[in-house]
There are 2 protein chains.
Amino acid sequence: MPKLFLVTRSEENYIKTIFHLGGSSSTLIATNAIAEQMETKPSSVTDMAKKLADKGIVYYKKYQGVCLTDIGVKKALSIIRKHRLWEVFLVEKLDFTWDEVHEVAEQLEHIKSEKLIDRIDALLEFPKYDPHGDPIPGKDGTFLKQDKQLLSEVPLNKVAVCVGVKDTSPTFLKFLDKNKIALGDTIEVLEKEEFDHSLLIKLANHELSISHQIASNLYVKINY
Amino acid sequence: MPKLFLVTRSEENYIKTIFHLGGSSSTLIATNAIAEQMETKPSSVTDMAKKLADKGIVYYKKYQGVCLTDIGVKKALSIIRKHRLWEVFLVEKLDFTWDEVHEVAEQLEHIKSEKLIDRIDALLEFPKYDPHGDPIPGKDGTFLKQDKQLLSEVPLNKVAVCVGVKDTSPTFLKFLDKNKIALGDTIEVLEKEEFDHSLLIKLANHELSISHQIASNLYVKINY
DNA sequence: ACTAATTTTTAGATTTGTCTAAATTTTAAT
DNA sequence: ATTAAAATTTAGACAAATCTAAAAATTAGT
């Protein structure tokens, strides 16, 4: 029986980052990519890669990169589940706004108590998505892949519903608030400008021109 | 302007322990006492005492012990406030029992977000006492000294209300549950046995004989 | 007041997680 | 295919928080 039960906060952060960079399903993630994402140095990543490999959490091929093992994926999903449930809690129960939740959830996701997160889940009535529209992994490790797409890829005259964001920076989220674009809003693509790929979109009560950069950071789901 | 804003988790635990051992109000607390309480070694306490003294959080007299400065007391109250509010949250909102809350609250008390704890406070409608009957420090640093006393000190035939416990171990709390002694219960002292100082007490629906050790770990408030 | 016992501190070592700088490997370019 | 550039790893160092063992100071006993 391997003793995989002591995972430090730092280790958890690495696991989460590797998952977000696509390191489940045997895709090797480069040391540099992890270092950049975590704002640390590549040599630190190498050190941690070895330690996580020893614990059976990642597969590490020298000079090639790392990916999560089955155990690692499970651990990652558990952390992401906690993070997203806490985000829902902060928004639904404590009236935090979109852009305020991330920083606090980064801390709360490391609290070690199975009972705690299960009770939070129940209190929130088992939500399926977090405030950014990202799916919440199940207690059993199930993970719903969402059929969302970027607004920039939606065809002309299609009607879609805003379900999330790619860029989660406060700057971007504040821009959305200012322009009255919120989760669940209906968006129709009226025009696509060939010159700069900007979009003219129609919201509930107003029309709006948005740049390609904006459109390629907004996730939507097309209605059938 | 002193930079007192980086306090590590470990430092917070020392601050809290010193406070609980009576180290506010310039009473010097011995290195050994702190070490015993925290299940660490005296030499580690000395190291930390120096560090906290450098930061202006404790006053440290070599070979004599430490006590909290004004800044230290403030910091301690802030941690205790968080700890107790989280305990109320766990019991009131997530149906945790008396004996389950402490361990989780020990983790939650270190979450750094003023807004978070203020919103939790509001969600709970600004409680004054935690589930063990201990008062919750105010946001402004006010701290209600409770006029509670040990059941073992209550005179014969007086009626008192159970407001808290001194020993917070699961063993003790489970004993209380089993004998149907709960927070808010009315207790009358019927007899005091001279031989072993055990007490015969009267509860709502039953009488019960309890040892001195039990009685000296139960806090009550006498009704006027 | 003078030992003896206890408490506290110092000095040096350990672990975790990080860093810098140098060495090595891989990738890309001509 | 050889070399230049980029990425990665190694080696050695450092800070935080802890420990052990030895030295120093305080307290207590007679």
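Please read all numbers here as calculations on a predicted model, not as lab measurements.
Residue A/Q64 contributes atom CD, which lies 11 Å from atom C1' of D/dA7 at whole-angstrom precision. When the P atom of D/dT9 is taken as reference, atom NZ of A/K50 falls 8 Å away, rounded to whole Å. Taking atom CG of B/D47 as the reference point, atom C1' of C/dT9 lies 9 Å away to the nearest angstrom. Spacing between atom CG of A/L52 and atom C1' of C/dT16 amounts to 13 Å, rounded to whole angstrom units. For A/N13 and C/dT18, the CG to C1' distance is 14 Å, given to the nearest whole Å.
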How far apart are the C-alpha atoms of B/V104 and B/F96, what are their side-chain angles, what is the distance that settles it, and do they pass the side chain to side chain contact (heavy atoms under 4.5 Å, CB included) test?
CA-CA 10 Å; B/V104 183; B/F96 275 61; 4.2 Å; yes

Pair A/Y129, A/Y219 - check ring pair (Phe, Tyr, Trp, His ring centres under 6.0 Å), show working.
CA-CA 13 Å; A/Y129 299 96; A/Y219 284 119; over 10 Å; no

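With hydrogens and angles left out, the side-chain atoms of A/H102 and A/E106 include a donor and acceptor closer than 3.5 Å. In summary, the side chains of B/E193 and B/H197 do not present any donor paired with an acceptor at a separation below 3.5 Å, with no hydrogens or angles considered.
Closest approach to the B/Y60 side chain among D/dC19, C/dT9, C/dT18 is made by C/dT9 (side chain taken as heavy atoms from C-beta onward). Counting only heavy atoms from C-beta on, B/S43 has its side chain closest to C/dT10 among C/dT10, C/dT26, D/dT10. Nearest nucleotide to the side chain of B/Y63, out of D/dT10, D/dA21, C/dT8: C/dT8.
For the side-chain contact (heavy atoms from CB on, under 4.5 Å) criterion with B/C67, the lone passing option out of B/L21, B/L28, B/V73, B/T27 is B/L28.
Using a 4.0 Å heavy-atom distance criterion, B/S44 is classed as a base contact.
Taking every heavy atom of residues 28-41 of chain A and every atom of DNA chain D, pairs under 4.0 Å involve A/A30, A/T31, A/N32, by number.
To the nearest 0.5 Å, atoms NZ (A/K115) and CG (B/D95) are separated by 10.0 Å.
The phosphate of C/dT18 has OP1 or OP2 within less than 4.0 Å of a side-chain N or O from A/S10. Applying the 4.0 Å criterion to OP1 and OP2 of C/dT10, one finds that B/K62 has a side-chain N or O inside that range.
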